[in-house]
Amino acid sequence: QLQAFGGGLVQPGGSLRVSCAASGSIFSVDDMDWYRRAPGKQRELVAGISRRGRTNYAESVKGRFTVSRDNAKNTVYLQMNSLKPEDTAVYYCHAVLTSYEGTYLLTDNYWGQGTQVTVSS
């Protein structure tokens, strides 16, 4: 129910934007986040945004990355500027979704498929 787009190869100092759209029988989308996993490292939270737009960032990306969302499109974006080689990782979107399940509403955590971001000259 989460599909990530974007990613690719960019030179150090460059910019890239990734996006992630939720789809399905959605009642509401709550927190939306971006995580990343670099080779040989644990997954880490990069940035998150609440439904009302409150954001939080990892110290390593503050001032360089901007997370935003379009609630009408159930989509979260991550604008990455001044990219560094250490930003190279697979980026995963995560969201807390409430969806229709028959006559019920079900709230659960969902993950996108991951998109590769490589920063290299």
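Any value given below was found using the heavy atoms of this structure, including those in side chains, with hydrogens, waters and symmetry copies removed.
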*Asks:* Test Ser120 against Leu9 for side chain to side chain contact (heavy atoms under 4.5 Å, CB included), laying out the working first.
*Replies:* CA-CA 7 Å; Ser120 175; Leu9 174 65; 4.2 Å; yes
*Asks:* Given 3.5 Å as the limit, does a donor-acceptor pair link the side chain of Ser60 with the main chain of Ala58, or not?
*Replies:* no
*Asks:* If I take atom OH from residue Tyr77 and atom SG from residue Cys93, how far apart are they, to the nearest 0.5 angstrom?
*Replies:* 12.5 Å
*Asks:* Let me see the working for Asn71 and Arg51 under side chain to side chain contact (heavy atoms under 4.5 Å, CB included), right down to the final yes or no.
*Replies:* CA-CA 7 Å; Asn71 289 334; Arg51 181 170 180 81; 4.1 Å; yes
*Asks:* Do Asn56 and Arg54 meet the criterion of a side-chain donor-acceptor pair at a distance under 3.5 Å?
*Replies:* no
*Asks:* Any donor-acceptor pair under 3.5 Å linking the side-chain atoms of Gln116 with those of Thr118?
*Replies:* yes
*Asks:* Could you report the tightest heavy-atom contact between Thr115 and Gly6, atom names first, then the distance?
*Replies:* OG1-O, 2.8 Å
*Asks:* Tracing side-chain links under 4.5 Å among I, L, V, M, F, W and Y, which residues wind up in one group with Leu83?
*Replies:* Leu2, Val10, Leu16, Val18, Ile26, Val29, Met32, Trp34, Val46, Ile49, Tyr57, Val61, Phe65, Val67, Val76, Leu78, Met80, Tyr91, Leu97, Tyr110, Val117, Val119
*Asks:* Let me confirm one number: the OG-NZ distance from Ser19 to Lys73, rounded to the nearest 0.5 Å.
*Replies:* 10.0 Å
*Asks:* What orientation do His94 and Tyr35 show, parallel under 30°, tilted 30 to 60°, or perpendicular over 60°?
*Replies:* perpendicular
*Asks:* Hey, could you give me the OG/CD distance between Ser23 and Gln3, rounded to the nearest 0.5 Å?
*Replies:* 7.5 Å
*Asks:* Which residues pass the ring pair (Phe, Tyr, Trp, His ring centres under 6.0 Å) test with Tyr100, sequence neighbours left out?
*Replies:* Phe27
*Asks:* Quick one, Arg36 and Arg43 - any side-chain contact, counting heavy atoms below 4.5 Å?
*Replies:* no
*Asks:* Evaluate the side-chain proximity of Lys84 to Arg64: yes if any heavy-atom separation is below 4.5 Å, no if none is.
*Replies:* yes
*Asks:* Taking all non-hydrogen atoms of both residues into account, name the closest pair between Leu106 and Glu101 and its distance.
*Replies:* CB-CG, 3.5 Å
*Asks:* How long is the straight-line distance from NZ of Lys62 back to OG1 of Thr55, given to the nearest 0.5 Å?
*Replies:* 9.5 Å
*Asks:* Do Thr107 and Thr98 have a side chain donor and acceptor closer than 3.5 Å?
*Replies:* yes
*Asks:* Verify the distance criterion only: is there a donor paired with an acceptor across the side chains of Ser15 and Asn81 at less than 3.5 Å?
*Replies:* yes
*Asks:* Indicate the atoms forming the closest heavy-atom contact of Tyr92 with Gly112, along with that distance.
*Replies:* CD2-O, 3.8 Å
